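For reference, the structure discussed in these notes is given below.
Remember, predicted model here, so these are calculated numbers, not experimental data. In each ligand, atom 1 is the first atom listed, and ligand 1 is the first ligand listed.
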Amino acid sequence: MAKDLSRRSFLQAGIAVAAMPNIVVPKAIRPVVIASGNGYQFKNGGTETCVERAFRMMTSGADVLESLIAGVNIVELDPLDTSVGYGGIPNADGVVQLDSCCMHGPKKWAGGVACLEGVRTPSKIAHLVAASTDHHLLVGKGAQEFARAMGFQIEADLNTDRSRAVWLEWKRRTDPSHYLDPSKRGGGTEVAVQMAREGWLDPEHIWGTINCDGINVNGEIAGVTTTSGLAFKIPGRVGDSPILGAGLYVDNSVGAAGSTGRGEANLYGLCSYLVVEEMRRGKHPKDAGLEALKRVAANTIEKRLLTENGRPNFGLNFYALDAKGRYAGVGFTPGARFAVCDENGPRLEACETLFS
Ligand code: GLY
């Protein structure tokens with residue numbers, strides 16, 4: 001596949017330049033799609049991953065944002081990813097509530113949904129908010145009614161046997177009213193972390209999410225983020241994913257950035273916006289992402305959120321690409337990988353880290 005894509009994107013880019021020594025022909029952008037690691041992992045029973053589908057569509061002439069959304073739809077629909085869409089880990093009441101947002105660089109469109117119940121593909125609804133309304137963010141019942149009005153079937157329950165079993169185990173272990181006791185803040189997330197250690201949950205996905213960003217051969221940039229949010233969250237909790245500037249930000253003249261991980265830490269600094277602004281000031285996506293992580297680390301002062309050596313004890317990753325087609329994934333500590341697809345085909349690459 002890599003070969004086919006390579007040839008096609010090469011031809012579309014019109015990179016071949018005739019021998020005209022005195023004429024400088026600007027090189028076209030090398031298209032690329034990046035995503036969190038689950039963008040390379042899940043296929044929903046098909047043959048393609050998120051980044052492969054998005055790259056294939058984008059390099060076949062489809063709209064850049066529509067390509068990315070078609071990519072994340074694979075993960076949203078796959079019951080095996082318990083952090084996104086159908087089969088995402090539910091909230092404390094056992095209800096799957098989904099968040100998503102998207103941005104279209106050239107069109108300067110943005111749309112998001114939060115606390116959406118009953119629709120497997122919140123990214124599609126976020127796209128419709130951007131494309132069909134004057135608004136940027138619809139939540140809860142309103143988002144669901146909008147989805148219904150747009151012709152989407154509303155399902156009674158987006159749990160799978162797996163997500164329900166994980167929730168029941170969590171329920172068994174926690175006080176049903178697990179609001180934080182101010183004297184020993186830790187609450188339900190601590191139990192979730194322990195359950196991840198025991199293999200009930202993917203530790204990368206206690207906070208869930210897929211972010212996917214791409215640039216096509218014309219330099220058109222877009223991004224989408226979609227999630228079932230923090231496992232066992234208080235009903236109504238919204239994380240960073242659907243919030244423009246936090247879970248995602250796109251400026252076509254600069255680049256795109258998005259996140260996965262602890263949304264609360266990202267929301268405090270609106271870090272996707274920060275990453276794009278750092279790239280605007282000339283930073284490489286890697287350095288821009290590390291700058292955002294430094295900001296988050298500096299803002300993390302509560303003991304319950306710190307390791308013994310004073311570092312954030314939670315996961316937070318940023319994925320960024322710039323208008324030149326350069327890209328990076330970043331995280332606090334080694335181990336995380338992110339998905340990439342370009343003319344060399346799909347693969348996982350290591351995230352750059354703030355701490356060794
Ligand atoms: N980053 C996903 C969330 O915190 O909801």
Side-chain angles (χ1 to χ4, degrees), residues 35-39 72 75-76 81-85 87-93 95-103 112-117 122-123 126 137 139-140 143 158 163 166-167 170 180 187-190 192-193 196 201-213 223-249 256-275 289 292-293 295-296 299-300 304-305 312-320 329-332 336 338 351:
S36 38
N38 44 357
V72 299
V75 187
E76 289 176 322
D81 190 320
T82 55
S83 76
V84 177
I89 300 293
N91 66 20
D93 286 349
V95 178
V96 180
Q97 291 185 325
L98 304 175
D99 303 332
S100 178
C101 77
C102 64
M103 291 184 81
V113 287
C115 281
L116 174 63
E117 295 175 17
S123 64
L137 183 59
V139 306
L158 294 185
S163 65
V166 172
W167 175 74
W170 177 83
L180 303 187
T189 307
E190 228 164 55
V193 169
L201 280 164
D202 177 353
E204 285 275 315
H205 286 151
I206 292 172
W207 286 275
T209 315
I210 180 167
N211 161 250
C212 185
D213 314 291
V224 57
T225 302
T226 176
T227 190
S228 50
L230 172 65
F232 321 121
K233 59 197 172 188
I234 293 174
R237 176 265 190 190
V238 174
D240 56 338
S241 300
I243 305 300
L244 304 170
L248 176 72
Y249 196 72
S259 68
T260 59
R262 183 178 153 79
E264 282 73 9
N266 179 13
L267 275 166
Y268 194 78
L270 290 177
C271 290
S272 290
Y273 183 74
L274 175 62
V275 172
L293 287 175
R295 183 78 61 91
V296 172
N299 284 333
T300 304
R304 71 189 172 100
L305 298 172
N313 64 10
F314 49 83
L316 182 62
N317 294 86
F318 295 103
Y319 315 91
V330 299
F332 283 123
F338 69 108
C351 287

Ligand-residue contact atoms, ligand 1 with Thr209, heavy atoms, under 4.0 Å: 1 (N), 2 (C)
For Ser241, atoms of ligand 1 separated by under 4.0 Å from a heavy atom: 1 (N), 2 (C)
Salt bridge present between Glu264 and Lys233 (N-O < 4.0 angstrom): no
Nitrogen or oxygen atoms of Gly261 and ligand 1 under 3.5 Å apart: yes
Test of proximity, Gly229 against ligand 1: N or O pairs below 3.5 Å: no
Reference residue Ser259; test side chain to side chain donor-acceptor pair (under 3.5 Å); the match among Thr227, Asp240, Asn317: Asp240
Steps toward side-chain contact (heavy atoms from CB on, under 4.5 Å) verdict (Leu316, Val296): CA-CA 9 Å; Leu316 182 62; Val296 172; 3.8 Å; yes
Distance-only side-chain donor-acceptor flag, Tyr268 / Thr300, under 3.5 Å: no
Nearest-0.5 Å distance that lies between atom CZ in Phe332 and atom CG in Leu293: 5.0 Å
From Arg295 atom CZ to Leu270 atom CG, the distance as rounded to the nearest 0.5 Å: 10.5 Å
Option with minimal heavy-atom separation from atom 3 (C) of ligand 1, where the choices are Leu316, Thr226, Asp240, Val84: Asp240
For atom 5 (O) of ligand 1, the option (of Lys233, Gln97, Arg237, Glu264) bearing the nearest heavy atom: Arg237
Proximity of Leu230 to ligand 1 by residue part, where a heavy atom lies under 4.0 Å: backbone
